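If you're wondering where the values come from, they're calculated on a predicted model, not measured in any experiment. The analysis underlying the following values was restricted to heavy atoms, covering all of them including side chains, and did not include hydrogens, waters or symmetry mates. A note on names: the letters A, B, ... follow the listed sequences, proteins ahead of strands, and every chain is numbered from 1.
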Amino acid sequence: MFCLLGLAALLAPFMTLAANRIVAGEGITVWQLADTASVLPGVLAVMAGLALGVPAGVTRLRLGGSILGLAGLLWLLQQGTPALLEGAGDYARVSPALGFWCLLVVLLLLMADALAAMAPGPLTRGALLAGIMGALLVVLSSDGLAELSVLKEYAARRDAFGRELVRHLGLAFGSLGAAAVIGFPLGMLCHRRAELRSAVLPVLSFLQTIPSLAMFGLMIPVLGWVGNTVPGARSIGIAGIGFAPAFMALVLYSLLPVVGNTVAGLGATPPAALEAARGMGMTPRQRLLRVELPLGLPIILTGLRIVLVQNIGLAVIAGLIGGGGFGTFVFQGLNQTATDLILLGALPTVVLAITAAIVMDILVELTRRTPEVSR
Amino acid sequence: MILRPLLIALLLALVLRPEWFTPVFAPLAPEGGPVIYQRASLLSLSLSHLGLVAAASLAATVVAVTLAILVTRPAGAAFRPLSRTITNMGQTFPPVAVLALAVPALGFGAGPTLVALFLYGLLPIFENATTALSTLPPATMEAARGIGLSRWQRLVRVELPLALPVTLTGIRLSVVIALGTATIGSTVAARTLGEVIIAGLLTNNTAYVLQGGLIVGLFAVLIYDALVQIERRLAARIGA
């Protein structure tokens, strides 16, 4: 199936050439990228990679195939970009098109599928992730791709990109931290008192339901009012627009997964373990710290994973209310109909979200001490 | 809950008779600026918003449930690991990013919003439907086979009804996400309630922001609540 999809994608336009960054470009198929001699190795590599993915079961072969195919894609981009730009004018932009993205997705899925079948341990996965990230950095910073439209957009905004990256991470991790500080004690209290639990959890899931743009919007008058009336609030940066409302909205969204999973994690302690702890004469506090918390840690961390991935995505909306982050690029790009600028905001967000998900999955696995209970 | 009729009344009033709220919102509007959103009727925006969500969710439900049925048949078992990889990876994609990435491919307007809502909506429904269809009580399945039901009859009369509550949970998740993402769809020129919030943000008019935010928020909460009620009824009927 991969092979068929991939071959179909090879026929679609591989790159587009546009006169400048705003107008729509014309699609160019693989064969027209450059002279046959320089295109052929790339096409062959992609086809061979797809062909290696055909036999099910031989996972190593499929993994190798996906790597070979990705290398072929890279080769095609590197060969195609300068060849297309030659004599196309100063403002011409070359960007990958439908064919490239489809092939990329197909090959990445092939890779993910092969890796999932091999089921590597947490440490191997960490090493793999680091390797892939390293390779990505090397590829992106190499000269061969610097002429590509998205990277030109990056070069023009190098400083802003760094600033928004820090802002984005600050929003996502900062709100995670704040939610953890509020959520853990709340979760522990809820674990102890059933009546508190039945009062708090519905409110939090109610908050989670509110659409993100509405939530960000509703934070503006609230924090604007706080900034105007509470003395000193304005001087620490609390105001109607900017970082503060975005941060608040993200914290509110984060509370449900943190509190909910803390309650679930503490409640999931096997009764036998609790009984043993009580029998050993542990005080309730010792039981919490030495038994319930360590055993519940994977579930609590899963809550943090949900929050982190969710917040990295939601932080994009902060761009609309002046809160910074990659959303700034996305919405600027949407306003100027500059596709490359949209991509410059959206692609790093996606990469960040997926990286965060993988890293948190590894952490969850590392903290799991009890064997998986089959239900 | 006595809260429910109150919220419904508030929502209806906000959408149908926005001018009633002029005194409430007036202090928030800029000096001399408009208080109530006039550029389009809130009713038509709401209908267009809900229409988008309904169309996308309906299509997503049909496709996702069909796919879930296929991968839980013996013939489709080979695709299960792959489909799980796709759903896991897909759900880490931020909805906003899906929307933003749909624009280069499809242009502006309702089209990319619909596609983004549809694609993103597939995942939770597919995941829940697959889980539900593959964790049916073995005894029931055995009994169905024992009374001589054909495979098709088993699917339609036993498996699908039993899987319905869990599948509905997936549909609910997907609808709530779609409602939120559709709001952001107004940044790519889809006609949704997000328009009111964005207009407020651009002109520094907090009254608009609050109106749009309240209406969208109320819709989301009430629809969520309605779907939860339906799920409870169904679950009670099945006796789960």
Largest heavy-atom contact set with chain B, pairs under 4.5 Å, which of A:I358, A:V330, A:I354: A:I354

How far does CZ of A:F331 sit from CG of B:L201, to the nearest 0.5 angstrom? 10.0 Å

What part of B:I198 gets within 4.5 angstrom of chain A, counting heavy atoms only: side chain, backbone, both, or neither? side chain

Sequence neighbours excluded and cut-off under 3.5 Å, please list the side-chain donor-acceptor pairs for residues 307-320 of chain A, or say none.
| residue | atom | partner | partner atom | Å |
| --- | --- | --- | --- | --- |
| A:Q310 | OE1 | A:Q208 | NE2 | 3.0 |
| A:Q310 | NE2 | A:Y253 | O | 3.4 |
| A:N311 | ND2 | A:S175 | OG | 2.9 |
| A:N311 | ND2 | A:S254 | OG | 3.0 |

What distance separates B:L179 CG from A:L213 CG, expressed to the nearest 0.5 Å? 12.5 Å

Derivation and outcome, side-chain contact (heavy atoms from CB on, under 4.5 Å), residues B:T183 and A:S212: CA-CA 8 Å; B:T183 321; A:S212 43; over 6 Å; no

Applying side-chain hydrogen bond (donor to acceptor under 3.5 Å, both in side chains) to B:T169 and not counting sequence neighbours gives B:E231

Please find the pair of heavy atoms, one from B:G217 and one from A:P211, that lie closest to each other, and give the distance. CA-CD, 3.9 Å

Report which part of B:V176 has an atom under 4.5 Å of a heavy atom belonging to chain A: side chain, backbone, both, or neither. side chain

Minimum heavy-atom separation for B:P94 to A:T349, with atom names? CG-CG2, 3.9 Å

A:L334 side, atom CG; B:L99 side, atom CG - distance, nearest 0.5 Å: 7.5 Å

A quick test of your reading: do over 12 heavy atoms of other residues, nucleotides or ligands sit less than 6.0 Å from CZ of B:R232? no

Using every non-hydrogen atom in the two residues, find where A:G217 and B:V209 come nearest and quote the distance to one decimal. O-CG1, 3.1 Å

B:V216 versus chain A, heavy atoms under 4.5 Å apart: side chain, backbone, both or neither? both

